[in-house]
Amino acid sequence: MKYDFSAIEKKWQEYWLEHKTYACENGSEKPKFFALVEFPYPSGQGLHVGHARPYTAMDVVARKRRMDGYNVLFPIGFDAFGLPTENYAIKNHIHPAKVTEENIANFTKQLRMLGYSFDWDRVVDTTDPSYYKWTQWIFLQLFKKGLAYKASMPVNWCTSCKCVLANEEVVDGGCERCGSPVIRKEKSQWMLAITKYADRLIDDLDDVDFIERVKIQQRNWIGRSEGTEVRFAATTGDDMTVFTTRCDTLFGVTYMVLSPEHPYLKKWLDQLENREEVSAYIEQAARKSDFERSELNKEKTGVRLMGIDAVHPVTGKNIPIYVSDYVLMGYGTGIVMGVPGHDQRDWDFATKFNLPIVEVVSGGDITKEAFAIKDDTGIMVNSDFLNGLTVKEAIPAMKQWVTEKGIGVPKVNFKLRDWVFSRQRYWGEPIPLVYCEKCGWVPIDEQELPLLLPEVESYEVTDNGESPLAKMTDWVNTTCPHCGGPAKRETDTMPQWAGSCWYFLRYMDPHNNEALASKEALDYWSPVDWYNGGMEHTTLHLLYSRFWHKFLYDIGVVPTKEPYQKRTSHGMILGEGGEKMSKSRGNVVNPNDIVALYGADTMRTYIMFVGDFEKAAAWSSNAVKGCKRFLDRIWNLADGRLEGDAHTPENEAELHRTIKKVGDDIENMKFNTAIAQLMTLVNQFYDVKPSRADMRELLVMLSPFAPHIAEELWEIQGFEGLACEQSWPVYDESKTVASTKEVAVQVGGKLKATVTVAADASDEDIVKAACADAKIQRLMEGMELVKTIVAKGKLVNLVLKPQSK
RNA sequence: GCCGGUGUGGCGGAACAGGCAGACGCAAGGGACUUAAAAUCCCUCGGUGGCAACACCGUACCGGUUCGAUCCCGGUCACCGGCACCA
């Protein structure tokens with residue numbers, strides 16, 4: 001018979017669905033294992049090969065763990081709120097819910113087509129009211145604990161999406177999604193106080209098994225920095241507190257700088273002798289986009305505030321104050337002390353404005369550049385009582401001194417900003433709050449959740465940048481749950497990231513109407529044992545969901561501090577030429593086409609074989625054929641009942657080696673070498689015809705990678721049950737080695753010969769055999785043996801030198 | 001600039017607690033089977049020299065440690081990812 005993959009795959013996919021082969025059970029006696037992949041955004045383009053790599057990998061892991069005897073939760077769902085759907089809906093005049101429904105149906109079909117062993121009874125959809133009821137509920141808890149607050153501040157505004165963006169959504173000064181320029185805009189927004197969790201988000205990384213680059217990236221993003229706040233004063237009498245990591249350089253301060261957004265500027269404007277010049281600068285800074293403002297190596301700009309000076313807290317001297325856009329309002333206090341001798345940015349600024357540059361740390365040449373090195377090489381000078389100390393000594397000494405004098409205090413700062421949480425768009429979770437003139441912001445009654453998205457005529461954003469919901473006066477006007485008076489609903493919606501912050505919890509108990517999940521389910525399944533996802537989510541989804549989880553832990557909803565025990569990440573699938581797949585390059589590979597041509601099993605095997613899972617890999621249609629050939633070769637071996645209930649002696653060693661290697665490789669995500677080893681075993685079977693027992697082991701090991709063909713051949717061979725329900729085979733270490741082995745013989749570290757010895761030969765026997773080799777004997781003629789090294793019974797190195805007479 | 005990572009045949013990639021570099025696959029060449037082609041099966045396949053046995057050179061580049069280095073150390077170059085005026 002021919003290997004008819006289409007028929008076989010259809011047959012088994014229907015069988016699995018009908019028999020709920022991969023459904024799992026809450027509270028089973030078996031040990032639990034929760035394998036998680038990032039649920040897809042159901043776009044109109046359908047499933048991408050980029051989805052297939054992580055999904056297949058975790059499917060392999062999930063299938064292997066079932067064979068190891070675990071009760072495996074391997075769920076899937078859809079992160080379906082978001083702009084592309086909304087934009088499509090606007091353009092084609094279809095309700096986004098309808099678009100979402102169609103896209104989910106298409107994705108579901110494609111995911112089933114690839115044979116993933118998801119538990120289809122636990123699918124979640126973030127746009128389903130019974131789901132977003134709980135997203136809203138969590139938001140209300142955040143609000144009640146004071147972690148959601150409304151603030152007016154300069155926010156990132158995407159000029160094309162007409163929508164506010166979180167800092168994490170701004171990439172290179174542009175919108176993460178559409179790439180359009182992002183400008184700053186003063187707006188009143190809902191914020192989530194993720195910075196309150198900054199310390200824990202860093203510290204608790206020590207307790208989880210995330211790959212190192214994820215931890216590093218999160219730590220850098222949170223950007224913890226220890227320093228000192230030092231209180232300068234202005235001649236107006238106002239405090240001018242600055243944050244510095246280099247309090248040791250306090251005697252080197254020659255000027256101060258305010259950020260253009262600093263409120264003092266407004267306050268002081270009337271007192272300034274050059275108010276026109278200053279307001280012009282402030283306006284100009286406000287007009288610049290993030291990108292323009294942060295352009296590297298650009299000339300420093302700024303204006304001195306004439307008529308107001310700062311007072312140095314130690315020397316009491318007056319120093320000039322400037323406004324310059326190199327100081328950020330969002331970090332520290334928005335005021336910086338200028339130490340041009342020891343900070344390159346300050347040096348650039350001081351040079352441009354002819355400000356004095358004072359050396360307070362010796363060791364560099366401050367006429368050429370700032371000497372900013374913070375180790376033991378610098379010695380303090382011109383710094384009163386600090387003179388003679390190294391920088392390393394001077395920092396704590398000064399920190400203590402300013403604290404004692406009451407002019408400073410140790411302080412930790414973070415780069416992480418609070419999360420801008422409102423979006424002026426339709427297709428998101430409504431924020432369940434109302435505004436009452438008398439009572440302020442009031443949460444709606446939890447009994448009224450979910451607060452449904454109202455039907456609107458048009459999804460277009462309004463001209464003034466308000467959400468489409470703002471036009472729905474019937475919906476907006478309501479009564480205050482607190483005083484019963486007239487009130488208005490919040491019309492902004494939540495960002496796309498909201499629903500994905502907690503979706504893995506819903507999988508544990510997806511149909512619960514009383515809670516986001518029952519306590520029993522949470523206790524049983526928490527935490528996620530293994531979560532694989534893209535690096536691009538490290539500072540977005542992964543960080544946000546850790547934050548929400550910690551909050552849920554604090555209010556007693558979830559049993560663990562961290563949501564995910566283990567986090568791994570896959571490399572991207574690139575196009576055939578090694579470039580990123582994109583429509584414009586025309587190098588996008590559609591999984592549908594590959595499945596139609598070669599079948600899902602080939603697709604799965606190839607995507608696992610393509611290269612190191614953690615690194616990027618380029619698609620190769622030729623290599624796909626190689627994987628099809630591999631499956632064909634197995635088919636040809638097993639497409640007829642084989643004989644023999646015992647292992648073939650000649651095949652035994654390779655068989656045991658394969659069991660060991662494939663099992664280990666799956667755990668370590670070395671899927672490519674796992675398949676290479678399966679190929680080696682199949683090659684062995686072409687040398688020595690396998691018995692039915694040999695084939696049994698191969699099919700069990702093949703089944704996580706190519707489940708359909710494995711199941712079909714399992715049936716053809718007449719084995720009981722399903723291949724995927726067998727236990728992972730056990731190997732015998734002693735049988736992985738042959739009776740003899742080859743030992744490499746080196747002379748002076750260079751390979752000269754190989755000798756064959758018994759597998760259990762002693763080191764002496766190995767050396768004896770090596771020296772007996774004809775070629776080695778020739779090389780040893782007239783030489784003296786200085787040293788003999790035997791490494792792990794695998795290699796002999798003979799060190800020779802000319803014989804002395 | 002800072003923080004990560006990666007450089008291995010014609011190609012994708014193996015091997016790294018220092019121990020036979022190139023597993024496995026692709027492409028290529030040869031052969032078998034075919035009237036023929038496809039498919040399949042069997043060989044060869046890092047470079048240079050040699051009829052050959054064999055010799056020498058090879059893991060981005062330069063140097064070091066070692067009996068022995070793709071692997072460790074110092075330096076250089078290139079590429080990829082993240083952050084980027086964070087005081």
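In what follows, chains carry the letters A, B, and so on, assigned in the order in which the sequence lines appear, proteins first and then strands, with residues in each chain numbered from 1. Quantities reported herein were computed from a predicted structural model and do not represent experimental measurements.
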Is it the case that the side chains of [Y] and [X] hold a donor-acceptor pair, with the cut-off being a distance below 3.5 Å and no angle test?
X      : Y      : value
A:R633 : A:N683 : yes
A:Y326 : A:D346 : yes
A:D348 : A:Q344 : yes
A:Y281 : A:T301 : yes
A:T195 : A:D418 : yes
A:Q217 : A:T539 : no

- [ ] Give A:G332 one of three labels, base, sugar-phosphate or nothing, depending on what nucleic acid heavy atoms sit under 4.0 Å from its own.
- [x] nothing
TODO: Would you classify A:K775 as touching base, sugar-phosphate or nothing, given that sugar-phosphate means primed atoms plus P, OP1 and OP2, and contacts are heavy atoms under 4.0 Å?
DONE: sugar-phosphate
Task: Residues in contact with RNA chain B, drawn from residues 411-420 of chain A - heavy-atom cutoff 4.0 Å - done: A:K415
TODO: Mark up nucleotides 42-47 of chain B, 5' to 3', with B wherever a protein heavy atom is under 4.0 angstrom from a base atom, S wherever such an atom reaches only the sugar-phosphate, and - elsewhere.
DONE: ------
TODO: Go along nucleotides 11-20 of chain B 5' to 3' and tag each nucleotide: B for a protein heavy atom under 4.0 Å from its base, S when only backbone or sugar atoms are that close, - otherwise.
DONE: -BSS--B-BB
- [ ] Carefully, step by step, assess A:R417 and A:E169 under the rule salt bridge (charged side-chain N to carboxylate O under 4.0 Å, His left out).
- [x] CA-CA 12 Å; A:R417 301 271 74 85; A:E169 293 173 298; over 6 Å; no
Task: Qualifying residues under side chain to side chain donor-acceptor pair (under 3.5 Å), relative to A:T658, sequence neighbours excluded - done: A:Q677
Task: Under the side chain to side chain donor-acceptor pair (under 3.5 Å) test, residues paired with A:N651 that sit two or more places apart - done: A:Q684, A:D694
Open item on the list: Could you write out RNA chain B as dot-bracket? Rules: Watson-Crick or G-U wobble, both distances under 3.5 Å, brackets [ ] for crossings, | for pairs with another strand, dot for unpaired.
Closed with: (((((((..(((......[....))).(((((.......))))).((((....))))..(((((..]....))))))))))))....
Task: N/O (side chain, A:R629) to phosphate O (OP1/OP2, B:C26) under 4.0 Å - done: yes
Task: Distance below 4.0 Å between A:K750 side-chain N/O and B:C57 OP1 or OP2 - done: yes
Given atom [atom1] of [X] and atom [atom2] of [N], what is their separation to the nearest angstrom?
X      : N     : atom1 : atom2 : result
A:I222 : B:A84 : CD1   : P     : 14 Å
A:K215 : B:C3  : NZ    : C1'   : 17 Å
A:K628 : B:C24 : NZ    : P     : 22 Å

- [ ] Using the P atoms only, state how far B:G13 lies from B:G81, rounded to an integer number of Å.
- [x] 16 Å
TODO: Provide the distance between the two C1' atoms, one in B:C71 and one in B:G22, to the nearest whole Å.
DONE: 15 Å
Open item on the list: Ring centres under 6.0 Å, that's the criterion: do A:F609 and A:F671 meet it?
Closed with: no
